[in-house]
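Not measured: the values here are computed from a predicted model.
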Amino acid sequence: QVQLVESGGGLVQAGDSLRLSCAVSGRTFSTYTMGWFRRAPGKEREFVAAIRWGGLRTYSTNSLKGRFTISRDNAKNTVSLQMNNMKPEDTAVYYCAADEEDRGGSLLSMYDYWGQGTQVTVSS
């Protein structure tokens with residue numbers, strides 16, 4: 001069974017940086033696509049970024065690509081999301097997810113396993 005546990009959320013001010021981490025249990029972590037999603041208050045869960053087992057990254061929009069960076073450490077079974085120059089609109093619950101088929105996609109339905117989420121709040 002695969003389990004994902006996020007950490008690193010909290011309250012920051014606009015312009016600050018924050019790094020989220022996701023620890024993954026499972027023998028084949030290195031073969032998964034790992035993704036980050038978020039759900040802002042009153043909105044649907046949306047794609048943020050993904051990284052395939054080989055390191056290919058995708059981001060939801062160009063603005064996120066310039067501020068957010070996804071990375072993974074296959075030796076430690078972790079995936080991280082570095083968020084810089086944060087904005088109040090980044091306030092959301094952030095979720096880590098894993099896709100067994102390594103598709104590198106942005107659709108929620110592509111992901112087989114999910115963490116419980118970690119709250120990120122950005123004050124103006």
Side-chain angles (χ1 to χ4, degrees):
Q1 184 176 358
V2 177
Q3 293 185 326
L4 289 72
V5 179
E6 302 96 337
S7 61
L11 173 63
V12 298
Q13 294 186 334
D16 285 351
S17 297
L18 198 64
R19 186 177 183 87
L20 305 181
S21 294
C22 175
V24 183
S25 64
R27 295 178 298 172
T28 56
F29 166 81
S30 62
T31 66
Y32 299 163
T33 282
M34 297 302 301
W36 285 98
F37 292 77
R38 67 184 183 183
R39 184 177 66 204
K43 296 186 178 181
E44 298 292 322
R45 193 175 302 191
E46 65 175 0
F47 172 73
V48 174
I51 184 168
R52 299 186 68 180
W53 75 269
L56 181 64
R57 298 170 172 85
T58 58
Y59 296 91
S60 65
T61 66
N62 288 334
S63 61
L64 286 180
K65 185 178 183 179
R67 298 189 296 120
F68 290 10
T69 302
I70 188 171
S71 60
R72 66 190 295 162
D73 186 334
N74 289 338
K76 296 182 178 179
N77 280 19
T78 59
V79 60
S80 299
L81 184 69
Q82 177 69 39
M83 303 183 290
N84 298 327
N85 189 25
M86 296 190 71
K87 303 177 180 180
E89 52 263 41
D90 294 323
T91 294
V93 178
Y94 284 73
Y95 298 90
C96 174
D99 169 20
E100 291 182 310
E101 297 184 41
D102 189 35
R103 288 167 287 188
S106 60
L107 299 178
L108 276 71
S109 59
M110 290 181 172
Y111 290 81
D112 306 288
Y113 306 101
W114 293 84
Q116 293 299 308
T118 184
Q119 177 69 49
V120 172
T121 303
V122 185
S123 63
S124 58

Visitor: Please report the interatomic distance CZ(R72) to OG(S21), rounded to the nearest 0.5 Å.
Guide: 13.5 Å
Visitor: Taking L11's backbone N and O only, do any of them form a donor-acceptor pair with T121's side chain (distance below 3.5 Å, no angle check)?
Guide: no
Visitor: Please state whether the rings of F68 and Y94 are parallel, tilted or perpendicular, taking 30° and 60° as the class boundaries.
Guide: tilted
Visitor: Looking at Y32, W36, F37, which one forms a ring pair (Phe, Tyr, Trp, His ring centres under 6.0 Å) with Y111?
Guide: F37
Visitor: When you compare the side chain of W114 with that of L108, does any pair of heavy atoms fall below 4.5 Å?
Guide: yes
Visitor: Where do A49 and L81 come nearest, in terms of heavy atoms and distance?
Guide: CB-CD1, 4.4 Å
Visitor: Could you walk me through whether Q119 and T91 pass the side-chain contact (heavy atoms from CB on, under 4.5 Å) check?
Guide: CA-CA 8 Å; Q119 177 69 49; T91 294; 4.1 Å; yes
Visitor: Measure the spacing between CG of D16 and CG of D90 and express it to the nearest 0.5 Å.
Guide: 11.5 Å
Visitor: Which heavy-atom pair separates S60 from L64 by the least distance, and what is that distance?
Guide: OG-CD1, 2.6 Å
Visitor: Between D102 and T31, is any pair of side-chain heavy atoms under 4.5 Å apart?
Guide: no
Visitor: Under 3.5 Å, side chain of R57 to main-chain N/O of I70, donor-acceptor pair present?
Guide: yes
Visitor: Between OG of S123 and CD of Q13, what distance do you get to the nearest 0.5 Å?
Guide: 4.5 Å
Visitor: What's the spacing between R19 CZ and S80 OG if we round to 0.5 Å?
Guide: 4.0 Å
Visitor: Do L4 and V120 belong to the same hydrophobic cluster, where Ile, Leu, Val, Met, Phe, Trp and Tyr are linked whenever their side-chain heavy atoms lie under 4.5 Å apart, directly or via other members?
Guide: yes
Visitor: If I compare all heavy atoms of R103 with all of R52, which pair ends up nearest, and what's the gap?
Guide: C-NE, 4.2 Å
Visitor: Between V48 and Y113, is there a shared hydrophobic cluster once you connect ILVMFWY residues whose side-chain heavy atoms come closer than 4.5 Å?
Guide: yes
Visitor: Would you check, one step at a time, whether the test side-chain contact (heavy atoms from CB on, under 4.5 Å) holds for L20 with R38?
Guide: CA-CA 12 Å; L20 305 181; R38 67 184 183 183; over 6 Å; no
Visitor: Quick one, V24 with M34, criterion side-chain contact (heavy atoms from CB on, under 4.5 Å). Give me CA distance, side-chain angles, the key distance, then yes/no.
Guide: CA-CA 10 Å; V24 183; M34 297 302 301; 3.7 Å; yes
Visitor: CG/D99 to CH2/W53 distance, rounded to the nearest 0.5 angstrom?
Guide: 14.0 Å
Visitor: Should the heavy atoms of other residues, nucleotides or ligands under 6.0 Å from CD of Q116 be counted, would the total exceed 12?
Guide: no
Visitor: Taking all heavy atoms of M86 and all of S17, pick out the closest pair and write down the distance.
Guide: SD-C, 4.3 Å
Visitor: State, to 0.1 Å, how close R67 and N85 come at their nearest heavy-atom pair, and which atoms those are.
Guide: NH1-O, 3.1 Å
Visitor: Below 4.5 Å, heavy atoms only, C-beta onward: do Q1 and S25 meet side chain to side chain?
Guide: no
Visitor: Which atoms form the tightest heavy-atom contact between A14 and S124, and what is the distance?
Guide: CB-CA, 4.3 Å
